[in-house]
Amino acid sequence: MATRNRGRSGRRRKLPKVQRVGAYAVIIRAGAAAEPEILLSRLSEKVTPEERWTLPGGGIDHGEDPRDAVVREVYEEAGVPVEVGVEARVYSVHQAKAWRLGRRVNSHAIRIVYDGWVPHDAPEPQTMEVDGSTAEAAWLPLAAVTSGEIPTSPLVTDALEVHKPSRMQRLAAYAFITRPSDDAILLTRISPLGYHSGTWTLPGGGVDFGEQPREALVREVVEECGLTCEVGAVLDVHDVNITGTAPSGRHEEFHGVHLIFAATVPDGANPRVVEQNGTTDDVRWVPRADLESLPLLDVVQAALAAEASKSGAE
């Protein structure tokens with residue numbers, strides 16, 4: 001049935017129909033204290049006199065791809081570059097009598113919501129659009145948003161009810177390389193671009209699609225240590241499941257499967273990081289006596305345990 005209201009003559013008249021299609025992004029990261037944060041935009045007084053935060057995004061221009069619209073709108077509202085996923089959820093809101101731009105209208109809003117993420121080195125949010133519908137943008141504690149402590153639009157609540165971190169499974173190969181002369185182990189340090197930045201791990205990394213794991217390990221040791229290794233037997237198969245911010249900036253539930261190989265390098269090998277601006281920023285021989293003083297990833301402990309188990313069996 002058509003929506004009507006009464007004009008000055010007392011006769012009922014139709015409200016003008018207004019339909020708007022918008023595109024938005026749920027952008028979550030692990031905060032400075034490892035607590036998740038979400039990027040939200042605060043609506044300006046032009047939209048509402050009350051404090052209210054919403055997802056960054058906005059109207060799609062005629063002929064514009066929705067994902068391009070999200071990129072444009074997030075930059076206008078928060079001043080940060082954003083990557084947008086390929087899947088989306090669609091919400092439809094019909095308000096037969098809504099107040100829009102100083103008049104009553106029959107409103108229908110279609111909202112397309114994507115997952116998005118920003119780089120680790122993105123600047124702090126800063127609204128670029130002047131005198132628009134956004135007063136400010138900020139990273140806010142996710143817990144305070146979901147609890148209702150921070151007032152938000154229904155779109156935020158609806159989107160977070162079904163939001164899940166992107167799932168990522170990665171197969172990696174690592175080398176357990178020792179130096180008998182001083183009982184040292186070759187370790188690499190994870191750079192600020194990697195997850196667990198500042199911790200030490202075994203040299204190695206992801207196996208590319210179709211790549212033989214041993215060949216992948218040789219390649220990774222060259223990139224991270226500048227050394228050519230000879231790969232031996234598998235010592236252990238280790239895995240880890242964590243949720244956090246990936247090197248890309250995406251909020252992920254990560255499952256890593258790690259093949260730990262015994263490996264050797266030539267006597268007198270002097271390691272150095274070859275790949276620049278990667279996830280490794282240091283490499284060194286670490287005496288076993290010094291291991292307890294370093295923050296180590298579980299894969300190192302798994303390799304040490306596998307070595308001890310093998311020695312005990314022999």
Side-chain angles (χ1 to χ4, degrees), residues 20 22-45 47-59 66-67 69-71 73-95 98 109-120 122-127 133-168 195-197 240-255:
R20 182 175 183 271
Y24 304 83
V26 175
I27 304 173
I28 296 175
R29 72 175 186 184
E35 293 298 325
E37 297 175 326
I38 183 170
L39 182 64
L40 295 182
S41 301
R42 183 170 64 84
L43 296 171
S44 69
E45 293 185 355
V47 180
T48 174
E50 302 174 349
E51 179 185 356
R52 184 170 299 176
W53 296 80
T54 190
L55 298 179
R67 296 171 74 244
V70 174
V71 173
E73 286 283 347
V74 170
Y75 183 78
E76 291 175 359
E77 296 181 3
V80 296
V82 62
E83 294 286 334
V84 182
V86 295
E87 297 182 357
R89 298 169 294 279
V90 179
Y91 301 88
S92 176
V93 180
H94 179 218
Q95 294 177 289
I110 300 173
R111 295 159 179 169
I112 307 171
V113 180
Y114 295 90
D115 288 336
W117 57 96
V118 300
H120 281 277
E124 285 301 305
Q126 179 181 357
T127 302
S133 60
T134 298
E136 64 173 316
W139 290 103
L140 301 175
L142 183 60
V145 172
T146 56
S147 69
E149 177 183 344
I150 295 175
T152 62
S153 68
L155 178 61
V156 177
T157 303
D158 293 343
L160 289 178
E161 281 182 352
V162 297
H163 173 77
K164 294 181 180 179
S166 298
R167 284 188 167 185
M168 175 68 179
Y195 198 74
H196 292 305
S197 174
V240 63
N241 198 323
I242 55 178
T243 298
T245 303
S248 65
R250 183 170 67 173
H251 187 53
E252 288 183 350
E253 181 181 357
F254 176 79
H255 181 214

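Owing to the predicted nature of the structure, the values given are computational and were not obtained by experimental measurement.
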**Asked** Is there a side-chain contact between L40 and T54, using heavy atoms and a 4.5 Å cut-off?
**Response** no
Here the pair of heavy atoms bringing P247 nearest to H120 is O-CD2, 3.0 Å
- Message: Could you check whether any side-chain heavy atom of V47 comes within less than 4.5 Å of a side-chain heavy atom of R52, counting everything from C-beta outward?
- Response: no
dist I28:CD1 -> R250:CZ (nearest 0.5 Å) comes out at 13.0 Å
Close side-chain approach of V70 to L55, heavy-atom, < 4.5 Å: no
OG1 of T134 to CH2 of W53, rounded to nearest 0.5 Å, is 10.0 Å
| Is the OH atom of Y91 crowded by more than 12 outside heavy atoms at less than 6.0 Å? | yes
Given the options E87, E252, E253, R167 meets salt bridge (charged side-chain N to carboxylate O under 4.0 Å, His left out) only with E253
Heavy atoms, side chains only, cut-off 4.5 Å: are R111 and D158 in contact?
-> no
- Task: State, with a plain yes or no, whether a side-chain heavy atom of V84 is found less than 4.5 Å away from one of V74.
- Result: no
CG (L43) and CD (E50) are apart, to the nearest 0.5 Å, by 10.5 Å
Heavy-atom nearest pair, P125 first then A137, reads CB-O, 3.4 Å
Nearest heavy-atom contact between P66 and Y114 is CB-OH, 3.3 Å
Notebook entry, point to check: Just by distance, do the side chain of E136 and the backbone of T127 share a donor-acceptor pair under 3.5 Å?
Noted result: no
* Just wondering, do V86 and R67 contact through their side chains at under 4.5 Å, heavy atoms? -> yes
Taking every heavy atom of T245 against every heavy atom of A30, the minimum-distance pair comes out as OG1-N, 2.6 Å
Those residues at least two apart in sequence (or on a different chain) that pass salt bridge (charged side-chain N to carboxylate O under 4.0 Å, His left out) with R20 are none
Check whether any side-chain heavy atom of L39 lies under 4.5 Å from a side-chain heavy atom of R29, and answer yes or no. no
Q.
Just so I know, are the side chains of R89 and V26 near enough to count as touching, which here means a heavy-atom distance under 4.5 Å?
A. yes
Closest non-hydrogen contact found for P123 with V80 is O-CG1, 3.3 Å
Rounding to 0.5 Å, atoms CD1 (I110) and NE2 (H94) come to a distance of 11.0 Å
Fill in: H251 (side chain) donor-acceptor with T243 (main chain) under 3.5 angstrom
no
Show me the donor-acceptor pairs within less than 3.5 Å that the side chains of residues 138-150 make with the rest of the protein, sequence neighbours left out.
residue: T146; atom: OG1; partner: L142; partner atom: O; Å: 3.2
residue: T146; atom: OG1; partner: A143; partner atom: O; Å: 3.1
residue: S147; atom: OG; partner: A143; partner atom: O; Å: 3.1
residue: S147; atom: OG; partner: A144; partner atom: O; Å: 3.2
residue: S147; atom: OG; partner: E149; partner atom: N; Å: 3.3

